[in-house]
Amino acid sequence: MLAELSAGLCAREAHISPKFLYDPLGSKLFEAICELPEYYPTRTEAAVFERYGADIARAAGPGCTMIDLGAGNCAKAASLFPLLHPGQYVAIDISREFLNESLSRLRQRFPHIEMTALGQDFSSRLDLPASVSHARRLLFYPGSSIGNFTPDGARAFLKRARARCDIDGGLLIGIDLLKDEDTLAEAYDDALGVTAAFNLNVLRHVNALAGADFDVRGWRHFAFFNRGESRIEMHLEALRPMTVSWAGGSRSFARGDRIHTENSYKYRKSAAVGLLEQSGFQATNVWTDPDEWFAVIHARA
Ligand code: AVI
C-alpha cells in the first residue's frame with residue numbers, strides 16, 4: 001500500500017488511487033453524496049430497480065447466489081431481495097467490519113437467506129471461498145462503480161469476475177450514461193461541498209496510512225468533465241507552494257499543481273453493452289430511466 005501510494009505521489013502526474021477515498025469517514029461522506037440532489041446516479045438507478053424489478057427478477061431467475069461487489073451498507077441488494085429471492089448472499093467490500101454491521105441487521109430481516117461477508121479488494125483479485133455456492137451466481141455491481149476503471153481496466157475486471165461464474169451465471173450492473181455536461185459537472189461539485197470533503201478526505205487517509213503530512217487546508221477540490229475521454233475527473237489542487245513528506249519520500253508542489261484522485265467514465269448505452277460483450281458477457285436486457293441517464297443491464301456469463 002505504501003509503495004503504491006508513494007509511486008502515485010512521485011509520478012510525473014501525481015495521483016492517488018480512488019480506493020483510498022474510502023476510509024470510514026470517506027464511506028460516510030460517499031453515503032451523504034448519494035443523498036444530494038445534484039448526485040443523480042443513486043436515485044435514478046433506484047428508480048430503474050423499482051420500475052423494472054419484476055423484469056429484472058425474471059431475467060436473473062429464482063434462487064440465485066447473489067455476489068455483491070462493493071456492497072457497502074448492502075442497501076441496494078437488500079431492496080432487491082424480495083424480488084430476486086437469493087438462496088445465498090455474499091457481500092464483498094474492502095472493510096469487512098462495516099459489512100458485518102450491515103449483515104447483522106439484514107440477517108434479522110431475511111433469516112432464510114444465507115449471508116457471508118468477505119473483506120477483499122476485489123478490484124484487483126476476486127477470491128470466493130468454497131462455501132460460496134456455484135448455483136446461478138449473479139454478480140451484482142450497481143452504482144456505476146465500473147465507471148471508476150478505465151475502459152481497459154473495466155474489461156479486465158469484468159473478465160476476472162466472469163471467470164468466477166459457471167454457465168448459468170450472470171451479471172446485474174448499473175452504468176452511468178453520457179448526458180449534458182452541466183448535469184455531470186454539478187453531480188461532482190455540489191453546492192454543499194460534500195464531494196469536496198469526500199475528495200479532500202483522501203489526504204487525511206493518506207496521512208494516516210503513509211505517515212504523510214498533507215495540510216488539508218492547502219488543497220482544493222477540482223472536478224471537470226473531460227469530453228475527449230468521456231469522464232469526470234476529480235483532482236486536488238495545491239493552493240500554495242508546499243513540500244509534502246511521507247514514510248520513504250517527499251515531493252514539492254507549486255501553487256496550482258494537481259493530484260488526480262478519480263475518474264468516473266460515462267458511457268453511451270451502446271458502448272456500455274459493448275463493454276460487457278467485449279468482456280465475454282451476453283447482454284440480455286437494458287433498462288433505463290425515461291431520460292436515459294442511467295442503465296441497468298442484465299447479462300449472461
Ligand atoms: C463510487 N463511484 C461510482 C462514484 C462515482 O460517481 O464515480 C464515486 C464518486 N465520486 C464523486 N462522487 C461520487
Side-chain angles (χ1 to χ4, degrees), residues 15-46 48-49 68-77 91-95 98-99 121-123 139-151 153-154 157-158 161 172-203 205 219-226 229-237 258-267 272 275 289 293-297:
H15 57 269
I16 298 173
S17 163
K19 70 182 173 205
F20 296 114
L21 291 164
Y22 300 93
D23 68 344
L25 179 57
S27 299
K28 290 200 180 89
L29 287 167
F30 179 62
E31 278 189 358
I33 287 174
C34 294
E35 303 277 321
L36 293 170
E38 293 95 333
Y39 194 72
Y40 62 83
T42 312
R43 65 169 180 278
T44 312
E45 181 182 53
V48 175
F49 283 146
D68 193 348
L69 304 168
N73 62 13
C74 309
K76 287 184 186 177
I92 311 181
D93 215 315
I94 294 187
S95 162
F98 191 61
L99 282 181
D121 177 8
F122 59 87
S123 62
L139 302 163
F140 182 53
Y141 199 39
S144 201
S145 295
I146 196 71
N148 298 133
F149 290 98
T150 61
F157 167 74
L158 289 168
L172 185 61
I173 189 169
I175 303 187
D176 197 14
L177 301 177
L178 194 58
K179 58 190 60 63
D180 73 277
E181 293 184 17
D182 288 348
T183 302
L184 287 170
E186 277 182 22
Y188 291 83
D189 196 5
D190 58 282
L192 284 179
V194 182
T195 309
F198 172 67
N199 194 10
L200 285 161
N201 179 61
V202 82
L203 298 179
H205 194 201
W219 298 82
R220 78 169 185 112
H221 167 66
F222 179 67
F224 70 99
F225 184 65
N226 178 334
E229 298 287 345
S230 194
R231 69 188 189 201
I232 287 281
E233 293 186 15
M234 283 207 322
H235 296 255
L236 291 165
E237 189 176 284
R258 290 181 190 155
I259 303 176
H260 192 167
T261 51
E262 189 186 61
N263 290 319
S264 195
Y265 283 81
K266 309 300 168 188
Y267 289 92
L275 191 74
D289 55 297
W293 275 14
F294 199 95
V296 172
I297 307 179

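Order of listing sets the numbers, starting from 1, for every ligand and every atom in it. Worth saying up front: this structure is predicted, and the values here are computed from it rather than measured. The figures that follow rest on heavy atoms only: side chains count, while hydrogens, waters and symmetry mates do not.
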Could you tell me if the side chain of Tyr39 sits less than 4.5 Å from the side chain of Pro41, heavy atoms only? yes
Ignoring hydrogens and geometry, is there a side-chain-to-backbone donor-acceptor pair from Glu38 to Asp189 under 3.5 Å? no
Side-chain donor-acceptor pair present, Asp289, Thr44, cut-off under 3.5 Å: no
Does either side chain, that of Thr183 or that of Tyr40, offer a donor lying less than 3.5 Å from an acceptor on the other one? no
Got the residues with a heavy atom under 4.0 Å of ligand 1, by chain and number? Tyr22, Phe30, Ile33, Tyr39, Gly143, Ser144, Ser145, Asn148, Tyr188, Thr195, Phe198, Met234, Glu262, Ser264
For Arg231, which of Phe224, Tyr265, Tyr267 qualifies under side-chain contact (heavy atoms from CB on, under 4.5 Å)? Tyr265
Worked check of ring pair (Phe, Tyr, Trp, His ring centres under 6.0 Å) between Phe157 and Tyr141: CA-CA 11 Å; Phe157 167 74; Tyr141 199 39; 5.0 Å; yes
